[in-house]
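For reference, positions follow the sequence shown, starting with 1. Note that ligands are numbered from 1 as they come in the structure, with each ligand's atoms numbered from 1 the same way. Heavy-atom basis, side chains included; hydrogens, waters and symmetry copies ignored.
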Amino acid sequence: MKHFVDISRLSRQSLEDLLAVADDMVPLAREGTDLAAGKILATLFYEPSTRTRLSFEAAMQRLGGRALGFADAAASSVAKGESLADTIRTVDKYADAVAIRHPAEGAALACSFYSEVPIVNAGDGGHLHPTQTLLDLLTIKRELGRLENLTVVLTGDLRYGRTAGSLALALAPFKPQVVCVAPEGLELPPHITRRLRAELGAAVEETEDLAAAARGADVLYVTRIQQERFFSADDYLKVKGSYVVDKKIVGLMRKEALVLHPLPRVDEIPPEVDADPRARYFEQMRYGVPARMALLAVLLGLAGKDIPYREVKGEELDLACPNPRCVTTSEKYLKNLYAPILARAESLFGELGEGKRYRCLYCDYEVVV
Ligand code: CP
């Protein structure tokens, strides 16, 4: 594994190996170690963050290394018009690894094409958030004792809440039952549901009945409606507050089930739920440090064995990605790269029409040529 952009590029075995390293890091996240002494992590945050940036910096410091970077791109030379590629080709001379959060979908993958050091995707628009998923898996494994055959209910903004789709894809090799409860228009993106069903053979159900879904859940994974991803305020107001996980909903759940949330929350889990033993979202935040310590240690070759990462080769097409949120729309020098879709269940692709099907290599948007 050279970069960490998309957690679904790891096999089940690789995920288990990485989680085993993360398990070993749990005590070291308190005690500290000098495993990464002399190493530097750059954190480049083009979007706001509390947990991801600070836990990356805490992780590197607990490993004995140092962190530098920016939390506001407007205070960097990005404000003078510097491209993403040039920023990366500069920062990789100062640091041994780079964690980047960016509003454009596919930005981290684009950075990996220009970087001499490992790139870690710390969130690329509404697309993916693989290190959040790594800590979510670590939380589930340690709090429930297993990852296999879980019923995972995803609720809230599944379209732009990048953590929900990333979690469903990462759990697919562990044979989950995925139940989605989302307001109209905020369902899991088609490229995720199709990958889950047609390529990974995972069971995905959609329902409006949050109470019934909560009763059967091992994990109830709640996400905030991502106001910042909406193009219109009216569209946001239509869905604001659609699903609330209150004491009544949590009271229906099994005693040993977990309520997780990547945070920040707004109004989807009222504070009254926090005292319930099933509400584990603040404990979940604690796992962010050992999970990111493990990832950095593996990427820097300091811990664990080499973890294979499935690279997907892109084919250049004379077709601009139609997704306005794709990194290729803002970073015009990037090649239009696509990966052919190889499906096990052809029937799930009918609505795309006839032709050769591809996914944009950066943002996964599906096209037919
Ligand atoms: N969960 C998460 O990504 O939180 P931040 O936006 O605060 O980093």
So, regarding [X] and ligand 1 (criterion: nitrogen or oxygen to nitrogen or oxygen, under 3.5 Å), is there a contact or not?
X: P264; answer: no
X: R53; answer: no
X: R162; answer: no

Relative to the heavy atoms of L263, which atoms of ligand 1 are at a distance of less than 4.0 Å?
->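 Atoms satisfying the 4.0 Å criterion: 1 (N), 2 (C), 4 (O).
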Pull out every atom of ligand 1 sitting under 4.0 Å from any heavy atom of Q132, numbered as shown with elements.
->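 Under 4.0 Å from Q132, ligand 1 has these atoms: 1 (N), 2 (C).
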Test item: side-chain donor near acceptor, [X] and [Y], under 3.5 Å:
X: S115; Y: S112; result: no
X: Y309; Y: D6; result: no
X: T43; Y: E57; result: yes
X: Y287; Y: E143; result: yes

Is there a side-chain contact between S8 and R195 (heavy atoms, below 4.5 Å)?
->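 In short, these two side chains touch, coming nearer than 4.5 Å.
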Please write down residue, atom name and distance for the protein heavy atom closest to atom 7 (O) of ligand 1.
->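 Residue, atom and distance for the closest contact: T50 N, 2.8 Å.
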Is the backbone N or O of G106 less than 3.5 Å from a side-chain atom of D124, with the two atoms forming a donor-acceptor pair by type?
->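 Looks like yes, one N/O pair under 3.5 Å.
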From atom 6 (O) of ligand 1, work out which of R51, E47, R101 has a heavy atom at the shortest distance.
->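 Answer by nearest heavy atom: R101.
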